[in-house]
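Report on the structure given below.
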4 protein chains.
Amino acid sequence: MPRKKEKKPVNAYHAHRERQRRRILDAAWKLFDERGIDRITMAEITLVSGVQPSTMYQYFSNKDDIVWAILRELMQEVSERAKRTLEDAPNAMARLAALLDFLADELANNPIRVRFMAQFDAMYARDWPAERLMTLESQINPEGFEVFTEIIREGIADGSLRADLVPDLTIHAVVNAVIGAQRRLASLGNKIELEYGKPIDRLFRETIRVLLLGLRAPESPKPRQSRKWKTADGSTRKRSA
Amino acid sequence: MPRKKEKKPVNAYHAHRERQRRRILDAAWKLFDERGIDRITMAEITLVSGVQPSTMYQYFSNKDDIVWAILRELMQEVSERAKRTLEDAPNAMARLAALLDFLADELANNPIRVRFMAQFDAMYARDWPAERLMTLESQINPEGFEVFTEIIREGIADGSLRADLVPDLTIHAVVNAVIGAQRRLASLGNKIELEYGKPIDRLFRETIRVLLLGLRAPESPKPRQSRKWKTADGSTRKRSA
Amino acid sequence: MPRKKEKKPVNAYHAHRERQRRRILDAAWKLFDERGIDRITMAEITLVSGVQPSTMYQYFSNKDDIVWAILRELMQEVSERAKRTLEDAPNAMARLAALLDFLADELANNPIRVRFMAQFDAMYARDWPAERLMTLESQINPEGFEVFTEIIREGIADGSLRADLVPDLTIHAVVNAVIGAQRRLASLGNKIELEYGKPIDRLFRETIRVLLLGLRAPESPKPRQSRKWKTADGSTRKRSA
Amino acid sequence: MPRKKEKKPVNAYHAHRERQRRRILDAAWKLFDERGIDRITMAEITLVSGVQPSTMYQYFSNKDDIVWAILRELMQEVSERAKRTLEDAPNAMARLAALLDFLADELANNPIRVRFMAQFDAMYARDWPAERLMTLESQINPEGFEVFTEIIREGIADGSLRADLVPDLTIHAVVNAVIGAQRRLASLGNKIELEYGKPIDRLFRETIRVLLLGLRAPESPKPRQSRKWKTADGSTRKRSA
DNA sequence: GATGAATGAGTTTTCATTCAT
DNA sequence: AATGAATGAAAACTCATTCAT
């Protein structure tokens, strides 16, 4: 951004900076997951990344900065994936199912990511103002939660979801529960399995199944579906109308 | 040596010790909630509790000790209350509802407690072996989760819950989700309200409502219960008519 | 000493005090050997002895006091034993051999005692004035080193020891070397065996043998002995006549 | 990253590091001798050396590190000097005498060094595994004790030493005694002189004289014996008659 | 005389951050 | 832009000893 040197050199610089940045973020990311964000010191990040402390301060002025940088990348990835997931679904119920399914897949395939979010939640609760996250969210996903609320609305309209749901209340209630469950399972992982005697993936998919059952409109005469995702339910076509 | 101290002195000593212990735990508890367990140093606890550092070390040998002592007290209280709640309920469905309702009440009336548990979860995930918690649990609640699993089983048997539930899977899935939701709401509190625009109590009760709907047996001709608790539900009576 | 109460009670007191004292000394003695005097805290001694800190301070006002009390007991025992050893020996050479032999037996049979003395030496080197030890020695063994010097003198006179020895120089030189060797072997113990590949008892007896060879008068025509002790040499009777 | 720094900077940095290290070691070394290793705290070393505590921890991570660093330097110096001493000696007896003499010179001229070794012995006895020292020794002096054992062997062969010596037993017995005597004299120093009334140097040289006399072959007619061990003795029968 | 609680004055160690080059 | 050294401020924990009962 700042016109430092001419074109070529600038790009070279840029590439170098980017590479350094990556080294730092990758090292931090790995360490954060292994030992917990709070337990990791700047010194360890420099050690693992191979960058000197003094150099690191030219990229990130403290650990928070690193955490937020990681968060931004994560949210971007997740947001894109989630959007892609929703694109394929034909109707509200399918979109809802796809969304929850996506979270289950994340838990199964990217537990590190979910664990990071769990850690972030804990820090966010205390260390940062809500605005900071909301700003970030609005950059990454300008439409906000409206998309999700819309799903409920649509589902009610097409009769696949219970009529007594309150769109923007229900969606947040459900999303919060699913996220809460997902992150709890990811961070407690093996401990949950030890205590409950069930693999976390099955627990989470059962959670999703029950929630979808709870959202679905009653008496819809036997919905049947062809879903390929491993979960529960999904979509009432044709609805009885 | 053993038969030295008579009744009085012992009790006096004991009472004193107990009072000191309380001062420390109360100070810690307050600080932990205000600023986060990780952020609190032993020095601060001594400062707030008014005991000298060296004295404190005669009661608790480190912060973990304090955390676990608080946890034990909390779990004891919660366990007792939860048991009392279940006693009054006439059938499985009522017991289930009562249980979830109890968690909603906790969130509404004792958010500090719930926030502490949320913090504990985060530490437990990294710093302590599963055995430690399981031992504590078995001391406080020797029956374990069996009580809960039994609820589902009973509900299936009396037709109030869906027949396709897997008792010990479903109960853990639901409990984990509710706990996850509850703790997330408690710790993010006002931030959730800012982002979602809904009070956390309503969000949580909606979560419970949806879950209960998801568990309840479908089109059961006339499930009727006379629940007086404040929650959710809103079940579509008269259906099928 | 201070006429506190009447006879009986005094004795009862005395017996009690003596028992408490013993408990403390025994605990300290054990701990000192296991983990090193410097590493042992007063708190540990109270813990192991079962006596409260505040009580202990009525017996010993600090760790040094305990160390010196142990030292006194040790020196008394050793001194008595050593004297007894010397009594049986018929002549200078036998007495010398018996003395050194006695030290070898101590190393073999009472390594703890020797290790304590090694530790004491290290502390004595820094923490206490020479007078303190000299006073103690003069109480326990009023004759001092004269006895030993006398042995050399006698041995020279009877022709069993080299004529060119300087009694009070040589005896101290030899005693210091033997003590130095003995304590080094006792405290380094297994490490010496690891490094040198020889059991410490054999090393020590070889040291004694060489020293005695070095002290003995040369060309002594036919020394022959009847020693029952396991060690070295001993004595030329009848000599030269 | 690797090919960054050219010659100059590296050396400059290095030189600085080395100077700091020296300051710390010198301060420690002085304090250790004056007041005893155990009595010296890291805080005092920083105070005397003039570096901040936090800086010091970038050089040595604890007191042990410092002790071992000093030990290494000491052993290197001593080892070199000792080797040089042996080079000049024409035969086994001369080498043996030179070796012991060297120890006497050390005691006379470098009592601090010897006192440090005495202190090290005491710590080594408790605080460190034998391997640690053996590793260091093998780095500094890869030939090990073989050189010394060889002296005895050679001396026996050329008739200057008693034939009944057991090379690797005797050498260790003698070395241990001499070292034990030397370190005891160095650490008790003035106290020994007070108690014994003789200067430590004379005492030590007398010890050496007696030991050498004990090792030397009795003059003339080839003593021969068959004893292997245990007691030794070795009294020359029938001789001289 | 014994007890148990209390404590002040250390000690080691850590870490985010700055500074001169 | 990068480096390596330096460091202030604090954190956790220890321990000999005293005091009120």
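Throughout, a chain's letter reflects where its sequence line sits, starting with A, and its residues are numbered from 1.
The pair Glu44(C)-Arg35(C) meets the salt-bridge criterion, with a side-chain N (NZ, NE, NH1 or NH2) lying under 4.0 Å from an Asp/Glu carboxylate O.
Map Lys63(C) and Lys63(B) each onto its nearest nucleotide of DNA chain F; the residue landing nearer the 5' end is Lys63(B). Heavy-atom distances to DNA chain E give each of Met56(B) and Tyr57(D) a nearest nucleotide, and the one nearer the 5′ end belongs to Met56(B). Heavy-atom nearest nucleotides on DNA chain E were determined for Ala43(A) and for Arg17(C), and the one closer to the 5' end corresponds to Arg17(C).
Residue Gln58(A) is classed as a base contact, given a heavy-atom separation below 4.0 Å to a base. Among the atoms of the strands shown, base atoms are found under 4.0 Å from some heavy atom of Ser54(C). Within 4.0 Å of Thr41(C), counting heavy atoms only, lie sugar-phosphate atoms of the nucleic acid but no base atom. Across all strands, Tyr59(C) comes closer than 4.0 Å only to sugar-phosphate atoms, never to a base (heavy-atom distances).
Under 4.0 angstrom from either OP1 or OP2 of dA5(F) there lies no side-chain N or O belonging to Thr55(D).
Taking atom CG on Asn62(B) and atom C1' on dA11(F), their separation rounds to 13 Å, with Å as the unit. A straight line from CE of Met42(B) to P of dT14(F) spans 10 Å, rounded to a whole angstrom.
Of the listed nucleotides (dA5(E), dT7(E), dA6(F)), dA5(E) has the atom at the smallest distance from the side chain of His16(B). Comparing atom distances between the Gln52(A) side chain and each of dA16(E), dA5(F), dG4(F) picks out dG4(F) as nearest.
Taking all atoms of both residues into account, the shortest heavy-atom contact from Arg21(A) to Ala69(A) is NH2-CB, 4.3 Å.
Heavy-atom neighbours of Lys63(C) NZ from other residues, nucleotides or ligands within 6.0 Å: above the threshold of 12.
When only modelled atom types and interatomic distance are considered, Gln20(A) and Arg17(A) share no side-chain donor-acceptor pair under 3.5 Å.
The partner of dT17(F), taking Watson-Crick or G-U wobble pairs whose two distances both stay under 3.5 Å, is dA6(E).
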